[in-house]
Amino acid sequence: MATIPILIGACLLFMSLYLTLLLRPKSIKIPIKNRHVFITGGSSGIGLSIAHQATSEGARVTILARDPNKLQEARDSIRLSTGVNVNIAIADVRDFETLKAVVDEADPIDVLVCNQGVYFAGELEFQEMENVKMMVDVNLMGTLNLIKAALPKMKKNRRTRGPASIALMSSQAGQCGVYGYTTYSATKFALRGLGEALQMELISDDIHVSLIFPPDTATPGLIEEKKRRPRVTKKIAACSSSLTADEVARKTLNGIKSGTFLVSCNFLGFFMCLGAADFAPQRSILTAFTEIFAAGIIRFYAFALLWRFYEVTSRCNTNSSHKKEDGMMKNGSKLM
Ligand SMILES: NC(=O)C1=CN([C@@H]2O[C@H](COP(=O)(O)OP(=O)(O)OC[C@H]3O[C@@H](n4cnc5c(N)ncnc54)[C@H](OP(=O)(O)O)[C@@H]3O)[C@@H](O)[C@H]2O)C=CC1
Ligand SMILES: CCCCCCCCCCCCCCCC(=O)[C@@H](N)CO
């Protein structure tokens with residue numbers, strides 16, 4: 001009778017040995033101290049918290065955004081809490097030429113945090129095309145522009161400068177399509193494909209990609225967005241516990257330092273990453289193991305959540321005029 005546990009044990013041992021040989025890329029540590037960390041959207045919310053924490057860990061930090069006044073305020077607040085001055089870069093990520101000039105002028109980057117992002121909630125049917133375009137241009141095209149602008153100098157002498165990182169700020173709405181985030185979810189899902197392909201392209205240059213998936217996070221941007229959220233979106237987003245910008249910044253920096261590809265930020269997020277691992281690179285044998293065994297159960301749980309999301313949708317939008325009223329009221333006006 002003792003043969004069954006022995007067989008199971010042998011199987012698990014074989015699997016871990018196999019995974020040890022199989023897992024790519026190999027595990028890595030990416031230091032932050034004394035390195036140049038370049039954070040877009042670093043003048044507000046999550047980006048500002050990352051800038052604070054990276055500075056207090058001894059990184060040389062540059063923050064990039066459009067509004068020079070907000071950047072100056074951010075710089076002052078970081079100096080006040082850490083005694084250190086961060087560098088400021090002014091550019092719109094949609095403008096490749098300016099972005100390229102700004103990045104070329106800065107010191108070579110070791111850790112690039114592509115965090116800039118805009119979000120307007122609302123059904124596609126009622127959303128201004130201007131806002132749809134803005135989300136695609138800033139969240140997706142802006143990130144492509146940024147990586148394209150930064151790569152040549154990031155790659156230069158990389159072997160002597162140690163491993164580098166590119167972190168992409170996605171969202172839990174980039175793992176699960178959410179009512180009211182048609183465009184936003186599309187831009188954030190796109191970063192996943194971008195990240196998977198980019199990691200393959202850059203692994204031989206010792207550049208490591210991390211994707212961050214925060215839930216609702218208390219930031220100035222979120223306060224504005226919440227004013228116009230459809231009721232259904234509010235209810236679905238409330239399923240995942242919200243965080244502070246400092247908490248998300250901590251998860252982001254830890255994810256970068258450990259070279260983790262899928263970085264979750266809260267309890268539910270951890271299970272979302274396990275359940276949606278697909279073709280994400282995995283460096284940790286323990287997590288790889290958990291992914292293999294948790295996938296089925298998580299899918300089962302996802303069905304229960306989906307049932308709830310569809311229940312909420314049909315309760316809130318019992319007839320299309322109801323939905324339209326809500327949608328027109330919240331999204332009919334120009335937002336930016
Ligand atoms: N807060 C949340 O609930 C969540 C946020 N996220 C993601 O985290 C990231 C940060 O969000 P959050 O901190 O809330 O955002 P905020 O709105 O608080 O800050 C956005 C930052 O991005 C900058 N920015 C916006 N547009 C551009 C642009 N075109 N070019 C350069 N910089 C730009 C802003 O500065 P300026 O306007 O001066 O350019 C600002 O510094 C986003 O990618 C967002 O999608 C993900 C999940 C949850
Ligand atoms: C195990 C399987 C679990 C599946 C869980 C699904 C939970 C869905 C929660 C979606 C939350 C969306 C937050 C968006 C945050 C964001 O980016 C916005 N703040 C921007 O406005």
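Since this is a predicted model, take the numbers as computed values, not measurements. Just so you know, ligand 1 is whichever comes first in the structure, and atom 1 is the first atom listed for that ligand.
Below 4.0 Å from some heavy atom of Asp67 lie the following atoms of ligand 1, by number and element: 38 (O). Atoms of ligand 1 lying under 4.0 Å from at least one heavy atom of Ala91, given by number and element, are 30 (N), 31 (C). Residue Tyr301 approaches ligand 2 through these ligand atoms, each under 4.0 Å from one of its heavy atoms: 1 (C). Contact atoms of ligand 1 toward Leu222: 3 (O) (distance under 4.0 Å to a heavy atom of the residue). For ligand 2 and Met272, the ligand atoms under 4.0 Å from any heavy atom of the residue are 3 (C), 4 (C), 5 (C), 6 (C). Interface atoms of ligand 1 facing Asp216, defined by a heavy-atom separation under 4.0 Å, are 3 (O). Using a 4.0 Å cut-off to heavy atoms of Leu222, the atoms of ligand 2 that qualify are 19 (N). Within ligand 1, counting atoms from 1 as listed, the ones closer than 4.0 Å to a heavy atom of Gly117 are 42 (C), 43 (O). Applying the 4.0 Å criterion to heavy atoms of Gly45 picks out, from ligand 1, the atoms 13 (O), 18 (O). Residue Ile298 has at least one heavy-atom neighbour below 4.0 Å for each of these atoms of ligand 2: 1 (C). Near Asp92, meaning under 4.0 Å from any of its heavy atoms, are these atoms of ligand 1: 28 (C), 29 (N), 30 (N).
Residue Ser171 places no N or O, backbone or side chain, under 3.5 Å from any N or O of ligand 1. Backbone and side-chain nitrogen or oxygen atoms of Gly47 are examined, and none is located within less than 3.5 angstrom of a nitrogen or oxygen of ligand 1. Residue-to-ligand polar distances place Tyr184 within reach of ligand 2: an N/O pair is separated by less than 3.5 Å. Close N/O approach between Val138 and ligand 1 is not found [any backbone or side-chain N/O within under 3.5 Å].
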Under the salt bridge (Lys or Arg N to Asp or Glu O under 4.0 Å) criterion, do Glu224 and Arg229 qualify, and how do the steps go? CA-CA 9 Å; Glu224 279 311 301; Arg229 241 180 215 190; over 6 Å; no
Between Lys133 and Glu130, does the salt bridge (Lys or Arg N to Asp or Glu O under 4.0 Å) criterion hold? Intermediate values first, please. CA-CA 5 Å; Lys133 186 168 160 25; Glu130 199 185 324; over 6 Å; no
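Distances from ligand 1 to the non-hydrogen atoms of Gly142 include no value under 4.0 Å. Using a 4.0 Å heavy-atom cutoff, Ser170 is listed among the residues neighbouring ligand 1. At least one heavy atom of Pro215 sits closer than 4.0 Å to an atom of ligand 1. For the ligand labelled ligand 1, residue Gln172 lies outside the 4.0 Å heavy-atom shell. Remark: distances from the non-hydrogen atoms of Arg229 to ligand 2 include one below 4.0 Å.
Remark: minimum distance from atom 47 (C) of ligand 1 to any protein heavy atom is reached at Pro214 O, 3.4 Å. Remark: minimum distance from atom 25 (C) of ligand 1 to any protein heavy atom is reached at Arg66 NH2, 3.6 Å. Nearest protein heavy-atom neighbour of atom 30 (N) of ligand 1: Val93 N, 3.0 Å. At the top of the distance list for atom 10 (C) of ligand 2, counting protein heavy atoms only, stands Val178 CG2, 3.8 Å. Nearest protein neighbour of atom 21 (O) of ligand 2, counting heavy atoms only, is Glu225 OE2, 2.8 Å. For atom 18 (O) of ligand 1, the closest heavy atom belonging to the protein is Ser44 OG, 2.6 Å. Atom 6 (N) of ligand 1 has as its closest protein heavy atom Tyr184 OH, 3.7 Å. What sits closest to atom 12 (C) of ligand 2 on the protein, heavy atoms only, is Ala173 N, 4.1 Å. Counting protein heavy atoms only, atom 3 (O) of ligand 1 is closest to Thr217 N, 2.7 Å. At the top of the distance list for atom 19 (N) of ligand 2, counting protein heavy atoms only, stands Asp216 OD1, 2.6 Å.
Under a 3.5 Å cut-off, the side chain of Arg159 and the backbone N or O of Lys156 do not form any donor-acceptor pair. The main-chain N or O of Lys26 is found under 3.5 Å from a side-chain atom of Arg283 such that the two form a donor-acceptor pair. Proximity of a side-chain donor or acceptor of Thr40 to a complementary backbone N or O of Gln116 within less than 3.5 Å is detected. The backbone N or O of Ser240 lies less than 3.5 Å from no partner atom in the side chain of Ser242, so there is not a single donor-acceptor pair. No donor-acceptor pair closer than 3.5 Å links the side chain of Gln127 to the backbone N or O of Val132. Judged by distance alone, with hydrogens and angles left aside, the side-chain atoms of Asp67 form a donor-acceptor pair with the main-chain N or O of Asn69 at under 3.5 Å. Looking only at distances, no side-chain donor or acceptor of Gln282 sits under 3.5 Å from a matching main-chain atom of Glu291.
Few gaps surround NZ on Lys153; more than 12 heavy atoms of other groups in view lie less than 6.0 Å from it. When the shell of 6.0 Å around NZ of Lys155 is examined, it contains 12 or fewer heavy atoms from other residues, nucleotides or ligands. Counting heavy-atom neighbours within 6.0 Å of Ile297 CD1, excluding the residue itself, gives a total of 12 or less. The environment of Arg299 atom CZ is sparse: at most 12 non-hydrogen atoms of other residues, nucleotides or ligands sit within 6.0 angstrom.
Here the OG1 atom belonging to Thr252 is positioned 9.5 Å from the CZ atom belonging to Arg250, to the nearest 0.5 angstrom. Note that CD of Glu201 and CG of Leu194 are 9.0 Å apart. Values are rounded to the nearest 0.5 Å. To the nearest 0.5 Å, the span separating CD1 on Ile63 from CG on Asn115 amounts to 11.5 Å. The line from CG of Asp110 to CD1 of Ile256 is 11.5 Å long, rounded to the nearest 0.5 Å.
Only the side chain of Leu305 comes within contact range of ligand 2, with a heavy atom under 4.0 Å; no backbone atom does. Here Leu268 has side-chain heavy atoms under 4.0 Å from ligand 2, and that is the only part of it that gets that close. Looking at Arg308 against ligand 2, nothing comes within 4.0 Å, counting heavy atoms. By the criterion of a heavy-atom distance under 4.0 Å, the side chain of Ser171, and not its backbone, is placed next to ligand 2.
Relative ring orientation between His36 and Phe38 is described as perpendicular, the plane-to-plane angle rising above 60° on a 0-90° scale split at 30° and 60°.
Closest heavy-atom contact between Ser210 and Val263: CB-CG2, 4.3 Å.
Note on Ile50: it does not cluster hydrophobically with Ile109, by side-chain heavy-atom contacts below 4.5 Å among ILVMFWY residues. By the criterion of side-chain heavy atoms lying less than 4.5 angstrom apart, applied directly or through intervening Ile, Leu, Val, Met, Phe, Trp or Tyr residues, Val93 is grouped together with Leu168 in one hydrophobic cluster.
The heavy atom nearest to atom 5 (C) of ligand 1, out of those in Asn115, Ile46, Thr98, is found in Ile46. Nearest-heavy-atom check against atom 7 (C) of ligand 1 across Met169, Arg94, Lys226 picks out Met169. Comparing heavy-atom distances from atom 9 (C) of ligand 2 across Ser240, Ser170, Gly221 singles out Ser240 as nearest.
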